[in-house]
Amino acid sequence: MRHKSKAIQRLIQRLTSKAKRQNSPRPLADKMIRRLPSDHHKAAKALVDHQQINSLEYRKMAHRTSWDNAHPDIIDFHRALHKELRARAYPFYAFFFFRTHAQQNALYARGVTKAKGGQSPHNYGCAVDEIHCIRLWNLTRKEWAVIGAIGKEVARRRNIKMYWGGDWNFYDPAHWQLADWKRYKADIDRLGIEVTTVNLAALQRHFKECDRAKREKRDSPPHPFE
């Protein structure tokens, strides 16, 4: 009985240790940061701001932007990215998710963007702009590269195909967008679908079913909005 009791205790200890490991935060993006040139490590440290990350102001800013009309994957990416940034005491918040065509045209007129209304993934809920709570867009290229490395690793872990504006000739390092956003644009424009999170989720399910049907060489399912 004594040996059996000890065996049960060892089993409980193993299960408890495993649960603790699973519940403890994993450094998702540390490897990505270490792969950056050594002079970027100083930039990574420069982004740390414990005072701001623990402030009431940060908590307010982190929830100030509406997620309404955003694609489910964009919301998922945003939440996972901010979890990683908070863990490193990097104070960032989402500046924009969805933009109307009118808002997009106003930004175009000011020269802020090269995309007119209907030309941006923001107009279809398929993008998010993530900026620093205090410095806004005014980070060095190396600091943005650190954020880019973290974001790419988060997207990879979440299995979300994203493009980062920091890789473009038109440098826009705050910007993240779904790689296949034009697929949503095509159906939304063709059928006059209202851009809402619910409708985008329905399209997402339909596209996945269509891709599966194509792989299995069978007819595509009916469109949810036709």
Side-chain angles (χ1 to χ4, degrees), residues 61-84 92-131 148 151-170 172-226:
M61 294 186 79
H63 299 287
R64 66 180 289 183
T65 307
S66 172
W67 299 359
D68 290 349
N69 308 327
H71 190 288
D73 280 350
I74 288 293
I75 295 173
D76 183 21
F77 170 78
H78 163 74
R79 295 177 69 176
L81 175 60
H82 272 248
K83 182 178 180 180
E84 286 296 309
F92 278 70
Y93 77 102
F95 183 70
F96 248 124
F97 285 93
F98 171 77
R99 282 200 293 260
T100 65
H101 285 42
Q103 289 171 326
Q104 188 70 36
N105 285 328
L107 291 174
Y108 177 81
R110 288 166 47 196
V112 175
T113 176
K114 289 190 174 183
K116 297 180 180 179
Q119 297 177 344
S120 168
H122 283 288
N123 306 147
Y124 300 90
C126 294
V128 61
D129 293 336
E130 307 278 359
I131 64 174
K152 289 177 181 179
E153 178 67 0
V154 166
R156 186 186 71 81
R157 291 291 182 101
R158 304 300 295 177
N159 195 28
I160 302 173
K161 294 182 179 179
M162 302 283 291
Y163 288 150
W164 178 48
D167 290 329
W168 300 344
N169 291 330
F170 178 66
D172 189 5
H175 181 86
W176 297 87
Q177 68 181 47
L178 294 183
D180 63 345
W181 75 273
K182 289 186 178 180
R183 191 176 188 181
Y184 292 87
K185 168 183 165 58
D187 276 22
I188 289 169
D189 288 350
R190 178 173 63 88
L191 298 171
I193 302 168
E194 182 182 3
V195 179
T196 67
T197 300
V198 172
N199 288 349
L200 288 167
L203 284 175
Q204 181 184 41
R205 289 191 296 271
H206 175 67
F207 293 153
K208 287 181 178 180
E209 290 169 1
C210 287
D211 292 342
R212 188 179 301 112
K214 185 176 181 180
R215 290 193 301 271
E216 296 172 357
K217 297 181 179 179
R218 54 183 174 81
D219 292 339
S220 296
H223 198 288
F225 297 97
E226 283 185 322

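Bear in mind the structure is a predicted one, so any value in this text is a computation, not a measurement.
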#### Entry: Any side-chain heavy-atom pair of N69 and E194 under 4.5 Å
no

### Query
What pair of heavy atoms forms the shortest contact from A155 to M162, and how long is it?
CB-CG, 3.7 Å

### Query
Crowded around R158 CZ? As in, over 12 foreign heavy atoms under 6.0 Å?
no

### Query
Roughly how far apart are H78 NE2 and D129 CG, rounded to 0.5 Å?
12.0 Å

### Query
Taking 4.0 angstrom as the limit, do D211 and K208 come out as a salt bridge?
no

### Message
Can a donor-acceptor pair be found, under 3.5 Å and without considering hydrogens, that links the side chain of Q104 to the backbone of R99?
### Response
no

### Query
Mind checking whether L200 and I188 have side chains closer than 4.5 Å, heavy atoms only?
yes

### Considering all heavy atoms, the nearest L81-G151 contact
CD1-CA, 3.9 Å

### Message
So that I know where these two stand, are H71 and W181 an aromatic pair - ring centroids less than 6.0 Å apart?
### Response
no

### Query
Taking the side chain as C-beta and beyond, is there a heavy-atom pair between Y124 and D189 under 4.5 Å?
yes

### Query
Just wondering, do Y93 and I131 contact through their side chains at under 4.5 Å, heavy atoms?
yes

### Residue Y108 excluded, over 12 heavy atoms near OH under 6.0 Å
no

### Message
For I74 versus G125, what's the shortest heavy-atom pair and its separation?
### Response
CG1-O, 3.9 Å

### Message
Rounded to the nearest 0.5 Å, what separates atom CD in E84 from atom CZ in R79?
### Response
14.5 Å

### Atom of Q177, atom of A127 and distance for their closest heavy-atom approach
CB-CB, 3.9 Å

### Query
Can you check whether H223 reaches L203 side chain to side chain, under 4.5 Å on heavy atoms?
yes

### Task
Decide yes or no on side chain to side chain contact (heavy atoms under 4.5 Å, CB included) for R212 and R218, but give the supporting numbers first.
CA-CA 9 Å; R212 188 179 301 112; R218 54 183 174 81; 4.0 Å; yes

### Task
For the residue pair K152 and D167, establish whether any side-chain heavy-atom pair is separated by less than 4.5 Å.
yes

### Query
Has R190 got more than 12 heavy atoms of other residues, nucleotides or ligands less than 6.0 Å from its CZ?
yes

### Query
Any salt bridge between E153 and R157, counting N to O under 4.0 Å?
yes

### Task
Decide ring pair (Phe, Tyr, Trp, His ring centres under 6.0 Å) for F225 and H206; before the verdict, give the C-alpha distance in whole Å, the side-chain angles of both, and the deciding distance to 0.1 Å.
CA-CA 10 Å; F225 297 97; H206 175 67; 8.8 Å; no

#### Entry: Within-4.5 Å side-chain heavy-atom neighbours: W67 and T197
no

### Task
Output the distance between atom CZ (F170) and atom NE2 (H175), rounded to the nearest 0.5 Å.
10.0 Å

### Message
As a quick check of understanding, evaluate side chain to side chain contact (heavy atoms under 4.5 Å, CB included) for K161 and D180, giving each step before the final call.
### Response
CA-CA 8 Å; K161 294 182 179 179; D180 63 345; over 6 Å; no

## Note on the structure
What one should report as the nearest heavy-atom pair of K185 and G118 is NZ-O, 2.7 Å

### Query
How long is the span from the CG atom in L178 to the CG atom in D73, to the nearest 0.5 Å?
6.0 Å

### Atom pair CD1 (I75) and CG (D68), whose distance is rounded to the nearest 0.5 Å
8.5 Å

### T196 versus N199, closest heavy-atom pair with distance
OG1-N, 3.0 Å

### Task
Enter the distance from H122:NE2 to F98:CZ here, rounded to the nearest 0.5 Å.
11.5 Å

